[in-house]
Amino acid sequence: MSKVMISGKEVATHNTRESCWIIVHGKVYDVTDFLDDHPGGSRIILKYAGKDATAEYDPIHPPDAITTHLPPEKHNPRAFSLGSVDPGTVQKVEVEVTDAEKQRLERVANRPSLSEILNLHDFEAIARMVMPEKAWAYYSSAAEDEITNRENHVAYHRIWWRPRILRDVTHVDWSTKILGHASKMPLYITATALGKLGHPDGELNLTKAAAKHGIIQMIPTLASCAFDELVDAAQPGQVQFLQLYVNQDREITKKFVQHAEKRGIKALFITVDAPQLGRREKDMRQKFEAEDPAEVTANKQEGKVDRMQGAARAISSFIDPSLDWKDIPWFQSITKMPLILKGVQCWEDALQAYDAGLAGVVLSNHGGRQLDFSRSGVEVLAEVVREVGARRSLSFPNDKFQLFVDGGVRRANDVLKAVALGATAVGVGRPFLYAFSSYGFEGVDHALNILTDEFEMNMRLIGARSLKEIVPEMVDASSLKSHIVPVPGDRLFDSNYESMQHARLREV
Ligand code: 173
């Protein structure tokens, strides 16, 4: 069937709600019957009715979304491919460049040079100015009042160093092993979805930077790039992990996991904190502007997908909310990869994971994007080390059951605090998204150079020549658990303090 050649002219005649064809990656799809089921709404498809929708489709959909990620009842043939389009005959879609877009492009042209980017915060400040609004809203948004999102970073402010002096720190080495695999830093690139929203090369930017710096990338289930493309782009010997969203159709998950193992993926991180996606209002507000509110309300009343919920919810309907501890043996039966639960938030669940024979847990609240008022990973870390350690006579880090933390990390200083408390490594997500969204691969490369400098300096200043020397006694985490409401600030003193500045756009 896919041998059939269809002219762009013919496709163009199917440009109505009654007969709607679109082109995605050179293939023609009849999506007429699918319009009202599209999780992102029919309006956006109808905008491309009869036309090539690839540019709009690409960043938001994993490459196989049409065939794989829709729930089974929405699979083919309701959105089936009619054949290939004759490329020469397709008319370019005219995209109107709005004034706002022109201004954004001007800001892109005026980005500061990378040498002016001094820390990971700088990337965030620039990304906010130069990214398309929709993409910024999706990456930056977090659940409800975004309290946990901010707490993730602030929690590190409640841990203070007790450095040691007069140790020969001429040579310092912060390399480590993560699940038995060498890593130049106690840090990995954690999974974040939809990389092409920020940059046309999407997650490939991360694969390349991870190779250059000898660190590990966790490939997301919902990458914009195809899974195989990211594996193919890896250098020989480069280690990659995989983050897994479990599909309601377990056969799809089984195939994906076994394919990943065959392709050499070294560990499987099963996300356990997202039976439903959190309410991310920055993303939702953005969506509101893209949709017709009347249509949204009508659909809601008819019980159809609530399109007000933003890009993430729209593409997450395949995730299985019935996932349960009793599924763990099934995962163990389909793969030999080490299994790690990503999104554990209390010691009781960490203990259960250990007892179930898993290789570790990521103490994470999904970058504050799921349950608001869940505690920071680093706070949970201290609790897990103490309670699981006491009950199973374990000390951390160890090779058998490894603890990871993510969320809120902006400096190597933060990473080393988590290491002191017993983490094997720390996941960093958004900062790398912001780095490639504003500067592509070079941005991620520069971010990792900054972290390298920070690791070296901080190792020397705390008096540790290797990660083994960073022991719990090196930090005072006695306030970590107290979620204090601060006393009113000393405004006069504060107002005399001149704020530090982010890197800025060049003068226009
Ligand atoms: O945090 C997320 O946005 C996320 O994990 C996700 C989940 C489903 C679809 C898209 C993103």
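Just so you know, ligand 1 is whichever comes first in the structure, and atom 1 is the first atom listed for that ligand. Count residues from 1 along the sequence. The analysis underlying the following values was restricted to heavy atoms, covering all of them including side chains, and did not include hydrogens, waters or symmetry mates.
- If you look at Thr192 next to ligand 1, there are no close heavy atoms at all, none under 4.0 Å.
- For ligand 1, the atoms lying closer than 4.0 Å to a non-hydrogen atom of Ala193 are 11 (C).
- A donor-acceptor distance shorter than 3.5 angstrom exists from the side chain of Gln248 to the backbone of Ile319, with no hydrogens or angles considered.
- Looking at Tyr245 next to ligand 1, an N or O pair under 3.5 Å apart turns up.
- For Arg111 (side chain) and Ser438 (main-chain N/O), a donor-acceptor pair under 3.5 Å exists by modelled atom type.
- Within 6.0 Å of CZ in Arg128 there are 12 or fewer heavy atoms belonging to other residues, nucleotides or ligands.
- For the pair Arg369 and Tyr138, the cation-pi criterion (under 6.0 Å, within 45° of the ring axis) is fulfilled.
- Applying the side-chain contact (heavy atoms from CB on, under 4.5 Å) test between Gln240 and each of Ile216, Thr207, Ile189 identifies Thr207 as the sole match.
- When each atom of ligand 1 is checked for a heavy atom of Ser316 under 4.0 Å away, the hits are 8 (C), 9 (C).
- Assignment of Gln370 to the shell around ligand 1 is not supported, since no heavy atom sits closer than 4.0 Å.
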